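Accompanying notes for the structure given below.
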Amino acid sequence: MKPSIPQGTRDFSAAVLRKRNFILQTIRSVFETYGFEPLETPAMENTETLMGKYGEEGDKLIFKILNNGLNNPDKREAVMQDFNAVLEGKTNKGITERALRYDLTIPFARYVAMHHGQLTLPFKRYQIQPVWRADRPQRGRYREFWQCDADVAGSAALLHEVELSLIYTNVFNKLNIPVEIHINNRKILGALATICGGEDMMIDITIAIDKLDKIGMEKVKDELIGKGLTMEQVDTVESFISISGSNEEKLVQLDELFGTIPGGQEGIAELRTILASVEKMNPSPQMVVDLSLARGLNYYTGTIFEVKALGVQMGSIGGGGRYDDLTGLFGVKGIAGVGISFGVDRIYDVMDELNAFPEGIQKGTTALFFNTGMEEQQHVLGVAENLRKSGIACEIYHEAAKFDKQFKYAERKNIPFVVIIGSKEMEAGTAIIKTLASGTQTEVRLDEMAKILAH
RNA sequence: GAGGUUGUAGCUCAGUUGGUUAGAGCGUCUGAUUGUGGUUCAGAAGGUCGUGGGUUCGAGACCCAUCAUCCUCCCCA
């Protein structure tokens, strides 16, 4: 058979992996400096843990795992019935008890709900793991991709929104990616819905205005009319998304529009507090109040974030927000949460396009020992072991091939030094170290090698 | 779920209105060179043209199906 991997998945070679690890380590170290602790959860969750949390579209994209033992003749009748339910579009424990995680937030909520008795609140955790979605792959979109999440559970303080904004800023500064952090508040969108046909219209309205960039004002209005809004209400929506200017100017106009609606007031006040706080920092995050930002995930209730890379055509490279009742879905009321996520794979694509990776992250082996014969090989084995004790990565060519071949091997693996110890050097207790970049070489005593190769 | 692109050597790709034995560059291997490569020169290996069917005297090329791929929409990171 022809070897292949599933659609939307990738193998990562050494060069790619070193760049990916650079991104992961940068994010991890920033998370740690803000006091977040690591957490890992299983690749699979119970299907019912995930279903119904991501909206109708999201549910369709969850990878479900077929149960084992369905061919057991004793269970044939039950399996047939369960399978018929699947054919009608229902998910069913009898067929798929487990599913691959779709994001890191719901598993986190499940974890908090399971362990809230033992956790010190607020609980700040970060999580760096792959997630899976049965999406059509395309540019910046994969079926297996990595997310880096930082969430806080058990605190309603706006301090967290401020610090999470700073985390975004610090990470993208370190990664050398120019970004805008778009921010909005679901309470404001809720207020808009309240005066435009009721709160249950919020999803329809936000989905429509989210498309403003792509389809334009007229089509947005058409869609709203299609959803049953009156002309007056559509006009209100239009004046809402027409709000422009600086962040402060936008907030002032919002005040005029929603000043009398309690939820709206609250949302505006929260935005104002967060922005005032982060703008005093140095470096100040590039925050943009984006009233068309809605985010599809159902569980957000307050602040919402989305990060866009500037100068590259790519969907958002990060997102997040506040959810006041996430663990409520798992029977534990009253634990508020807020969190952000980094999309590693898109960040990688952006950095690759912008050439933003620093020099010097491709280092692997430092020195290659040439193989000049069996006797020398035994001697070199000991020399290499000593170097490794000093933390120097080295390897020995596997056979006494022509130097030509050994040089090429070193070159292809980006190894900066070759060490040649032939019978003459073995006898004299020396080694020849050749720097490949310059072509210069010197003969040194064995006890001097570590110092030279360490630079 | 809807629409489109592409599929020829290990890699990147040529291949005319259908016409003999399908090509190039890079890479690989061998030699010029028995302990100093990268240049150069000479030579070699490597393809049932994604797969299956059809049209034709004749298909890499045309038609149908199928699989894979990349992209757009939907949605998202």
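Just so it is clear: chains get the letters A, B, ... in the order the sequence lines come, proteins before strands, and each one is counted from 1. None of the values given here were measured: they were computed from a predicted structure.
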Between [atom2] of [N] and [atom1] of [X], the distance in whole Å:
{"X": "A:D59", "N": "B:C75", "atom1": "CG", "atom2": "C1'", "answer": "13 Å"}
{"X": "A:L24", "N": "B:A77", "atom1": "CG", "atom2": "C1'", "answer": "14 Å"}
{"X": "A:I128", "N": "B:A77", "atom1": "CD1", "atom2": "C1'", "answer": "15 Å"}
{"X": "A:F145", "N": "B:C76", "atom1": "CZ", "atom2": "P", "answer": "12 Å"}
{"X": "A:R133", "N": "B:A77", "atom1": "CZ", "atom2": "C1'", "answer": "6 Å"}

Per-nucleotide protein contact string for nucleotides 69-74 of chain B, where B marks a base within reach and S marks sugar-phosphate only (heavy atoms under 4.0 Å, - for neither): S-SBBB
Aromatic ring pairing A:Y102/A:Y54, orientation class (parallel under 30°, perpendicular over 60°, tilted between): tilted
Salt-bridge contact A:K221-A:E238 (side-chain N to carboxylate O under 4.0 Å): yes
Stretch residues 42-50 of chain A: residues that reach within less than 4.0 Å of RNA chain B through a heavy atom: none
Write out a two-atom table: protein N or O, nucleotide N or O from nucleotides 33-40 of chain B, distance below 3.5 Å.
residue, atom, partner, partner atom, Å
B:G35, O6, A:S423, N, 2.9
B:G35, N1, A:E425, OE1, 3.2
B:G35, N2, A:E425, OE2, 3.3
B:U36, O2, A:K434, NZ, 3.2
B:U36, O2, A:Q441, OE1, 3.1
B:U36, N3, A:Q441, OE1, 3.2
B:G37, O2', A:D404, OD1, 2.8
B:G37, N2, A:E411, OE1, 3.2
B:G37, N2, A:E411, OE2, 2.4
B:G38, N2, A:E411, OE2, 3.3
B:G38, N3, A:E411, OE2, 3.3

Worked check of side-chain hydrogen bond (donor to acceptor under 3.5 Å, both in side chains) between A:E163 and A:Y168: CA-CA 9 Å; A:E163 288 200 334; A:Y168 267 146; over 6 Å; no
side-chain hydrogen bond (donor to acceptor under 3.5 Å, both in side chains) pairs, two or more places apart, involving residues 336-355 of chain A: A:R10-A:D345, A:K19-A:D352, A:R20-A:D345, A:R139-A:E353, A:Y142-A:D349, A:D149-A:S341
Watson-Crick and G-U pairing of RNA chain B, under 3.5 Å, as dot-bracket with | and [ ]: ((((.((..((((.....[...)))).(((((.......))))).....(((((..]....))))))).))))....
Please tabulate, for the side chains in residues 176-183 of chain A, all donor-acceptor contacts under 3.5 angstrom to protein atoms that are two or more places apart in sequence or on a different chain.
residue, atom, partner, partner atom, Å
A:E180, OE1, A:H182, NE2, 3.1
A:H182, ND1, A:D290, OD2, 2.7

Smallest separation among heavy atoms of A:G373 and A:A400, with atom names: N-CB, 3.8 Å
The criterion is ring-ring contact (aromatic ring centres under 6.0 Å, His included); which residues satisfy it with [X], sequence neighbours excluded?
{"X": "A:F63", "answer": "none"}
{"X": "A:F403", "answer": "A:F370"}
{"X": "A:F36", "answer": "none"}
{"X": "A:F305", "answer": "none"}

Can you list, pair by pair, the side-chain donor-acceptor contacts under 3.5 Å of residues 415-435 of chain A, counting residues two or more places apart and other chains?
residue, atom, partner, partner atom, Å
A:E425, OE1, A:G422, N, 2.9
A:T430, OG1, A:E443, OE2, 2.7

Sugar-phosphate, base or nothing in reach of A:F342, heavy atoms under 4.0 Å: nothing
Below 3.5 Å, can you tabulate the donor-acceptor pairs from side chains in residues 27-34 of chain A to any protein atom, sequence neighbours excluded?
residue, atom, partner, partner atom, Å
A:S29, OG, A:Q25, O, 3.3
A:S29, OG, A:T26, O, 3.0
A:E32, OE2, A:Y126, OH, 2.6
A:T33, OG1, A:V30, O, 2.7
A:Y34, OH, A:N170, ND2, 2.7

